[in-house]
A.B. asks: 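After the structure tokens below, expect a handful of questions from me.
Below, chains carry the letters A, B, ... as their sequence lines are ordered, and counting in each starts from 1.
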Amino acid sequence: MKSEPEAFSIGDLRSAGRAPWDGVRNYQARNFIRDQMKVGDLALFYRSNASPPGVVGVARVASAARPDPTALDPKHAGFDPRSDPQAPRWFLVDVEFVEELAAPVSLAALKQDPALKDMLVVQKGQRLSVQPVTAGEFSRVLELGRATGSG
DNA sequence: GCCAACGTTGGC
DNA sequence: GCCAACGTTGGC
């Protein structure tokens with residue numbers, strides 16, 4: 001799950017403990033939230049539009065998908081005038097803070113790792129803000145992020 | 001700040 | 001249904 005630190009950082013999630021992952025306005029990402037995410041699922045927290053971009057922590061899905069109220073709020077930046085309360089267009093899940101990585105795994109590091117060559121986030125032109133990660137990719141990223149070794 | 005890649009919109 | 005124009009994402 002991607003977030004720009006100026007909007008919502010891993011530190012913000014740590015402080016809040018739990019927060020609604022609102023503002024997703026892409027249908028494919030919406031579908032992952034609505035149709036794939038289950039309470040208890042773990043997610044990589046990816047920091048985008050930052051230096052460096054990369055995975056900075058772990059979150060846990062803490063609620064079922066529900067309509068994103070910010071899409072219905074005219075005062076909110078995420079307001080979508082086509083979203084109908086009776087037929088919600090945009091969804092969110094709550095997420096809980098799990099872990100902040102001791103060693104954030106930069107996008108460059110993800111790209112360098114042969115074991116992660118098929119990971120969606122390293123593919124060219126890949127912009128989805130919510131995307132699936134395999135169990136193998138997930139554990140590999142944590143392995144990198146928890147490493148304390150020589151550097 | 002630039003710009004490539006992608007998604008959406010809307011005229012036709 | 002095609003596709004040009006436009007807006008957004010997000011790395012660099």
A.B. asks: In whole Å, what is the span from the CD atom of A:Gln131 to the C1' atom of C:dG10?
C.D. replies: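 Answer to the nearest Å: 12 Å.
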A.B. asks: Using 4.0 Å as the upper bound for N to carboxylate O, is an ion pair formed by A:Asp68 and A:Arg30?
C.D. replies: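 Salt bridge between A:Arg30 and A:Asp68, a charged N being under 4.0 Å from a carboxylate O: no.
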A.B. asks: Please tell me which of A:Gly125 and A:Asn49 maps to the more 5' nucleotide of DNA chain B, matching each residue to the nucleotide holding its nearest heavy atom.
C.D. replies: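 On the 5' side of the pair lies A:Asn49.
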A.B. asks: Apply the side-chain contact (heavy atoms from CB on, under 4.5 Å) test between A:Val105 and each candidate in A:Leu44, A:Val56, A:Asp113, A:Leu144; give the one that qualifies.
C.D. replies: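 Of the listed residues A:Leu44, A:Val56, A:Asp113, A:Leu144, the side-chain contact (heavy atoms from CB on, under 4.5 Å) partner of A:Val105 is A:Leu144.
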A.B. asks: Roughly, in whole Å, what's the span from CZ in A:Arg47 to P in C:dC12?
C.D. replies: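 Atom-to-atom, A:Arg47 to C:dC12, this comes out as 14 Å.
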A.B. asks: Show me the side-chain donor-acceptor pairs of residues 121-129 of chain A shorter than 3.5 Å, one per line, residues at least two apart or across chains.
C.D. replies:
unit_1   : atom_1 : unit_2   : atom_2 : d
A:Gln123 : NE2    : A:Lys117 : O      : 2.8
A:Gln123 : NE2    : A:Met119 : O      : 2.8
A:Gln126 : OE1    : A:Leu128 : N      : 3.1

A.B. asks: If you take any heavy atom closer than 4.0 Å to DNA chain C, which residues from residues 102-117 of chain A end up in contact?
C.D. replies: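 Of all residues in residues 102-117 of chain A, the ones placing a heavy atom under 4.0 Å from DNA chain C are A:Leu107, A:Lys111.
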A.B. asks: Mind listing the N/O atom pairs, protein and nucleotides 6-8 of chain C, below 3.5 Å?
C.D. replies:
unit_1 : atom_1 : unit_2   : atom_2 : d
C:dT8  : O2     : A:Arg127 : NH1    : 2.7

A.B. asks: In whole Å, I'd like the distance from the CD atom of A:Gln123 to the C1' atom of C:dT9.
C.D. replies: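 It works out to 17 Å between those atoms.
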A.B. asks: Atom CD of A:Gln126 to atom C1' of C:dT9: distance rounded to whole Å?
C.D. replies: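 It works out to 11 Å between those atoms.
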A.B. asks: Could you tell me the separation between the NZ atom of A:Lys124 and the P atom of C:dC12, rounded to a whole number of Å?
C.D. replies: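 So the two atoms are 12 Å apart, to the nearest Å.
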A.B. asks: Take A:Arg140 and A:Glu137 through the test salt bridge (Lys or Arg N to Asp or Glu O under 4.0 Å) and record every step on the way to the result.
C.D. replies: CA-CA 5 Å; A:Arg140 177 59 181 155; A:Glu137 290 161 354; over 6 Å; no
A.B. asks: Would you say A:Lys2 reaches C:dT9's phosphate, i.e. side-chain N/O to OP1/OP2 under 4.0 Å?
C.D. replies: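 No, because none of the side-chain N or O atoms of A:Lys2 sits under 4.0 Å from OP1 or OP2 of C:dT9.
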